[in-house]
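Take a look at the structure set out below.
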Amino acid sequence: MYNIGMAINVKELRIVFMGTPEISAGLLRTLLDNKYNIVAVIAQPDKPVGRKGILQKVPTKVVAEEFNVPVYQPVKIRKDYEFLEEINPDLILTFAYGQIVPEGVLNIPKYGCLNFHGSLLPKYRGAAPIQFSLINNEKVTGVTLMEMIKEMDAGKMYASKEVVIEDSDNSTSLFKKIETASCELALEKLQDYIDGKLPGEEQDVSKVTFCPTIKPEEEKINLDLSAKEIWGWIRALSDEPGAFLYLNNLKIKIFKALLIDDNSTGQPGEIIKADKSGFVFQTKCGCISILELQKEGKSRMDYKSFLNGNQGLLGKKFN
RNA sequence: CGCGGAGUAGAGCAGUGGUAGCUCAUCAGGCCCAUAACCUGGAGGUCGCAGCGUUCAAAUCCUGCCUCCGCAA
């Protein structure tokens, strides 16, 4: 559709990269390592991090500075994007930027705006696709290279790459896998896109699902759910921020667990085993074996260490 | 100065003034068809750092600092 017959190397195009977190920084680094001409990086403003509230550079900014690429961090891109006109990009790539990109921006680059989305669209449009693929115990997810349009995550899909979810995966490992897949997808398909070889496929509206951001109150494990669903939440919230339950009024974060069975019934939250052979609690339907956890005020530890210092838990209940 | 918890053997904890203890792990030996089970014995800590603080006596009280963690942002 663009310049067919006239070879244009994607690496010669002026590309603006928009993204903020670690996963985005990984893709940015790959593009820079492969000599893509990133002329600017747009990221969320730096935010205070940690107990002390120290201002920390966002991950994409760190990478950009390493390669001497100018960084822009508008508080509201919706209102503040005239600087892009001067940069005059040919193409904009976005991956987990964190703000809605206004239509005014979408119209600037001649080759348009592409987004990397961490799911196989049309499933899991929205903010937390990677976490929700775990919450819903998906076996396969992936990353989709898509056209950005006004409606969020609704544009044409140009290419995608599948990622297999193992039982041992959690959010941290799955983010890493998606990051790797995104890098491969970029290197394999961006040139094809520029060459006009990717027609793009409209999303099947009947198959669209959405995933909202996870609210802090959802980090508390809901004992009305089945063991399988709880297991999904534990994996989705691990290693950060950690799904938790209360035991004796103390917050216990569960970082790693196993689904032991998904049909036994009993008192939800009751600890039915607490010895060397395991630390298991019952749910409404099935039970879960805790492998790594953290008591509030303490650091993360394996279940054997925890039980060593916290004896007599058999029969007690999480709530 | 946002609130709070904690730093004692490799790990998890107890120990709020008087010669440092428990559980697990570890090592040696024993029992057993066998064992992650059980029995016996051993090794392993200047009790986060500093004050040459208070005291006849400090892990324990006081002062300052460092580090880790939960919450709030």
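Chain naming here is simple, since letters A, B, ... match the order of the sequence lines and numbering starts at 1 in each.
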Return the set of residues passing ring-ring contact (aromatic ring centres under 6.0 Å, His included) with [X] (not counting sequence neighbours), or none when no residue passes.
X: A/Phe83; answer: A/Tyr72
X: A/Phe306; answer: A/Phe279
X: A/Phe17; answer: none

[N] pairs with which nucleotide, Watson-Crick or G-U wobble, both distances below 3.5 Å?
N: B/rG21; result: B/rC13
N: B/rU40; result: B/rA28
N: B/rA34; result: none
N: B/rC71; result: B/rG2
N: B/rC49; result: B/rG64

Rounded to whole angstrom, note down the [atom1] distance from [N] over to [M].
N: B/rG12; M: B/rG7; atom1: P; result: 11 Å
N: B/rC69; M: B/rG21; atom1: C1'; result: 26 Å
N: B/rC31; M: B/rU40; atom1: P; result: 15 Å
N: B/rC1; M: B/rU19; atom1: P; result: 44 Å
N: B/rA14; M: B/rU23; atom1: P; result: 15 Å
N: B/rC65; M: B/rA36; atom1: C1'; result: 44 Å
N: B/rC39; M: B/rC56; atom1: P; result: 47 Å
N: B/rG44; M: B/rA9; atom1: C1'; result: 6 Å

Donor-acceptor pair, side chain of A/Tyr97 and main chain of A/Ser24, under 3.5 angstrom
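Answer holds: no.
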What integer distance in Å separates [X]:[atom1] from [N]:[atom2]?
X: A/Leu55; N: B/rA73; atom1: CG; atom2: P; value: 18 Å
X: A/Lys304; N: B/rU26; atom1: NZ; atom2: C1'; value: 14 Å
X: A/Phe306; N: B/rG12; atom1: CZ; atom2: P; value: 13 Å
X: A/Glu240; N: B/rC69; atom1: CD; atom2: C1'; value: 12 Å
X: A/Asp275; N: B/rC24; atom1: CG; atom2: C1'; value: 13 Å
X: A/Leu293; N: B/rG70; atom1: CG; atom2: C1'; value: 14 Å
X: A/Leu313; N: B/rG12; atom1: CG; atom2: P; value: 17 Å
X: A/Asn308; N: B/rA25; atom1: CG; atom2: C1'; value: 9 Å

Suppose the criterion is side chain to side chain donor-acceptor pair (under 3.5 Å): which pairs have a residue in residues 279-294 of chain A, not counting sequence neighbours?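 Every side chain to side chain donor-acceptor pair (under 3.5 Å) pair that includes a residue of residues 279-294 of chain A, provided the two are not neighbours, is A/Ser264-A/Gln282, A/Glu292-A/Arg300.
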Enumerate all atom pairs, one protein N or O and one N or O from nucleotides 36-38 of chain B, separated by less than 3.5 Å.
unit_1, atom_1, unit_2, atom_2, d
B/rA37, OP1, A/Lys276, NZ, 3.2

Discussion item. I'd like to know if A/Phe281 and A/Ile252 are part of one continuous hydrophobic network [Ile/Leu/Val/Met/Phe/Trp/Tyr, side-chain heavy atoms within less than 4.5 Å].
Written reply: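 Yes, because A/Ile252 and A/Phe281 connect within a single hydrophobic cluster, where side-chain heavy atoms sit under 4.5 Å apart.
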* Asked: Can you tell me if A/Glu201 and A/Tyr158 form a side-chain donor-acceptor pair at under 3.5 Å?
  ->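 Looking only at side-chain atoms, A/Tyr158 and A/Glu201 do not form any donor-acceptor pair under 3.5 Å.
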### Qualifying residues under salt bridge (charged side-chain N to carboxylate O under 4.0 Å, His left out), relative to A/Lys220, sequence neighbours excluded
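A/Lys220 satisfies salt bridge (charged side-chain N to carboxylate O under 4.0 Å, His left out) with no other residue.
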Taking C-beta and beyond as the side chain, do A/Leu93 and A/Leu190 meet within less than 4.5 Å on heavy atoms?
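SC-SC contact between A/Leu93 and A/Leu190 confirmed.
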Give me the residues of residues 294-303 of chain A where at least one heavy atom lies under 4.0 Å from an atom of RNA chain B, by number, or none.
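Heavy-atom contacts with RNA chain B come from A/Gln294, A/Glu296, A/Gly297, A/Lys298, A/Met301.
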Taking only residues two or more places apart in sequence or in another chain, which ones pass side-chain contact (heavy atoms from CB on, under 4.5 Å) with A/Glu66?
->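 side-chain contact (heavy atoms from CB on, under 4.5 Å) list for A/Glu66, sorted by chain: A/Arg29.
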query = Going by the ring pair (Phe, Tyr, Trp, His ring centres under 6.0 Å) test, which pairs reach into residues 238-265 of chain A, not counting sequence neighbours?
reply =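 Found A/Phe244-A/Tyr246.
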